[in-house]
Amino acid sequence: MGLGEYPPEFNPRIHGPYHPGRYYGKADLPLGQVKLGEMGSWLSRRSYTPQSMVSCTMRAYWRWATKYMLSKRTSIAPLIQFAGTMGLAYYFLQYRTHTNHRHAKYH
Amino acid sequence: MLSTFAVRSGVYGSALLRGQAPRVLAVVPIGSRHKSEAAKQAETWEEANKIFYGPERDTKNFPHPVMPQESGKVRMGFVPENWFQFFYEKTGVTGPYFFGVGLVTTLLSKEIWVVDHGFAEVIGFFGAIWLLSNKVGAGMAKWLDNKNDLVNKERFEQPIVDAKASAQEIIANNEKAIWQEDGQKFLWEAKKENVALQLESVYRQRLAQVFKDVKSRLDYQLEVQNVKRRFEQTHMVNWIVDNVTKSITPQQEQESIKVCIAQLKKMSVPVATA
């Protein structure tokens with residue numbers, strides 16, 4: 001699976017048209033249904049290669065985009081979500097600048 | 001065009017491999033040359049259908065992706081509904097709100113979220129969004145939806161309608177052409193009959209011509225014979241008369257004149273007396 005290629009598990013005869021937000025590998029338990037005790041084994045089953053990280057992020061983006069942004073009658077929600085996420089990201093990028101303005105020394 | 005290309009590619013290929021390999025001329029099947037765009041599209045469509053809706057297709061786990069009509073459900077403008085559902089099973093209705101308030105309180109209290117000069121921007125930004133979405137949101141949504149519908153109709157629905165209409169027109173024209181082709185049979189028979197009539201008329205004209213020509217030749221022969229006989233007769237009569245006239249001597253002539261005069265005298269007397 002190179003750049004701009006379909007994942008190796010993707011087979012149009014079984015999966016139909018390609019959806020970039022879908023995971024075509026073997027399905028595991030969703031994070032929301034994992035019990036705390038099984039979290040370790042669940043995490044050990046994940047892949048941590050840079051490639052899978054990137055593809056995971058892109059899948060998440062496409063799932064979000066198709067659900068909120070690419071609908072026929074789009075609401076303002078994706079705009080707020082995007083702006084909020086960007087604000088949050090830049091807040092933590094410049095975290096030191098903000099912490100310099102703390103009012104209390106001990107919390 | 002394809003054949004030209006094939007021939008040309010063959011020429012170029014042989015130019016490249018001159019003296020090293022035997023010349024190869026590409027052969028293009030005739031059927032592939034005259035395939036219409038519509039037929040090619042239909043083939044591609046069928047091919048795609050075979051792949052995407054074949055017997056192996058698993059529509060239960062991998063349903064066909066559909067463009068949603070509305071954006072995903074959210075609460076408070078931007079928090080996804082399914083986050084609330086995740087909390088609802090474990091903490092009830094108020095759980096997520098408590099979690100949110102608790103999180104914000106913790107962040108503020110521990111000064112992870114520092115209330116600095118940038119804090120006012122958060123309030124200003126979300127306040128402006130709240131105000132705008134309440135005041136002009138409905139009108140803007142209506143305007144955008146109308147525009148969306150218009151574009152959708154213009155670029156997606158109308159072309160399909162137009163394409164179907166034009167295809168129907170082509171089908172109707174073709175069926176009319178087939179129907180007209182049926183008429184060609186009768187037309188052919190009529191033409192054949194017409195040609196037969198023409199042949200018949202020409203045959204009769206020629207028969208009349210032959211009759212006329214033969215008759216005129218026979219008439220000519222007859223006339224020739226008539227003229228010959230007449231000439232012979234006239235000639236004979238003239239010859240006899242000439243010879244007779246020649247044979248009359250002047251004495252005989254005088255005698256006959258005398259006789260004539262005498263006869264006239266004889267005849268004149270009774271007339272005068274009478």
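Per chain, numbering begins at 1; letters A, B, ... match sequence-line order.
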*Any chance you could measure A/Ser71, atom OG, to B/Gln69, atom CD, to the nearest 0.5 Å?*
8.5 Å

*With a cut-off of 6.0 Å (strictly less than), are more than 12 heavy atoms of other residues, nucleotides or ligands near CZ of A/Phe82?*
no

*Just wondering, more than 12 heavy atoms not from A/Trp42 lying within 6.0 Å of its CH2?*
yes

_Which atoms of B/Lys90 are under 4.5 Å from chain A, going by heavy atoms: the side chain, the backbone, both sets, or neither?_
side chain

*Name the member of B/Asp58, B/Leu144, B/Ile51 that forms the most heavy-atom pairs with chain A at distances under 4.5 Å.*
B/Ile51

*Considering only heavy atoms, which portion of B/Asn82 lies under 4.5 Å from any heavy atom of chain A: side chain, backbone, both, or neither?*
side chain

*asked:* Looking at B/Glu193, I want to see if its CD is surrounded by more than 12 non-hydrogen atoms of other residues, nucleotides or ligands under 6.0 Å.
replied: no

*State, with a plain yes or no, whether a side-chain heavy atom of A/Pro17 is found less than 4.5 Å away from one of B/His64.*
yes

*What's the spacing between A/Lys67 NZ and B/Ser71 OG if we round to 0.5 Å?*
10.0 Å

_Contact class of B/Pro55 relative to chain A, heavy atoms under 4.5 angstrom_ = neither

*Under 6.0 Å from the CZ atom of A/Phe92, do we count more than 12 heavy atoms belonging to anything else shown?*
yes

*Heavy-atom proximity to chain B below 4.5 Å, by part of A/Arg13*: both

*Geometric class of the A/Tyr24/B/Phe62 ring pair [parallel <30°, tilted 30-60°, perpendicular >60°]*: parallel

*Considering only heavy atoms from C-beta outward, does the side chain of B/Met140 approach that of A/Ile76 to under 4.5 Å?*
no

*asked:* Is A/Leu70 in contact with chain B via its backbone, its side chain, both, or neither, using a 4.5 Å heavy-atom distance?
replied: backbone

_Between NE2 on residue A/His103 and CD on residue B/Glu111, distance to nearest 0.5 Å_ = 5.5 Å

*Let me know if A/His19 has heavy atoms under 4.5 Å from chain B in its side chain, its backbone, both or neither.*
side chain

*Heavy-atom distances under 4.5 Å only: say whether A/Ala104 touches chain B with side chain, backbone, both or neither.*
both

*Part of A/Tyr23 lying under 4.5 Å from any heavy atom of chain B*: backbone

*Find the one option among B/Pro80, B/Ala48, B/Ser133 whose heavy-atom pairs under 4.5 Å with chain A are most numerous.*
B/Pro80

*Count the heavy atoms of every other residue, nucleotide or ligand shown that sit under 6.0 Å from CZ of B/Phe98, and state whether that count exceeds 12.*
no

*Any salt bridge between B/Asp149 and A/Lys72, counting N to O under 4.0 Å?*
no

*asked:* Does A/Arg45 have more than 12 heavy atoms from other residues, nucleotides or ligands lying within 6.0 Å of its CZ?
replied: yes

*Side chain / backbone / both / neither for A/Thr66 at chain B, heavy atoms under 4.5 Å*: backbone

_Which atoms of A/Tyr95 are under 4.5 Å from chain B, going by heavy atoms: the side chain, the backbone, both sets, or neither?_
side chain

_Distance (rounded to the nearest 0.5 Å) between B/Asp145 CG and A/Arg73 CZ_ = 4.0 Å

*Checking heavy atoms, do the side chain of A/Tyr91, its backbone, both or neither come under 4.5 Å from chain B?*
side chain

*asked:* Tell me whether B/Trp130 at atom CH2 has more than 12 heavy atoms from other residues, nucleotides or ligands lying less than 6.0 Å away.
replied: no

*asked:* Can you give me the closest heavy-atom contact between A/Tyr68 and B/Lys73, atom names plus distance?
replied: OH-O, 4.2 Å

*For B/Phe186, does the CZ atom have more than 12 heavy-atom neighbours from other residues, nucleotides or ligands under 6.0 Å away?*
no

*Rounded distance [0.5 Å steps], CD1 in B/Ile112 versus CZ in A/Arg102*: 7.5 Å

*CD1/A/Ile80 to CD1/B/Ile129 distance, rounded to the nearest 0.5 angstrom?*
5.0 Å

*Is chain A contacted by the side chain of B/Tyr53, its backbone, both, or neither, given a heavy-atom distance below 4.5 Å?*
neither

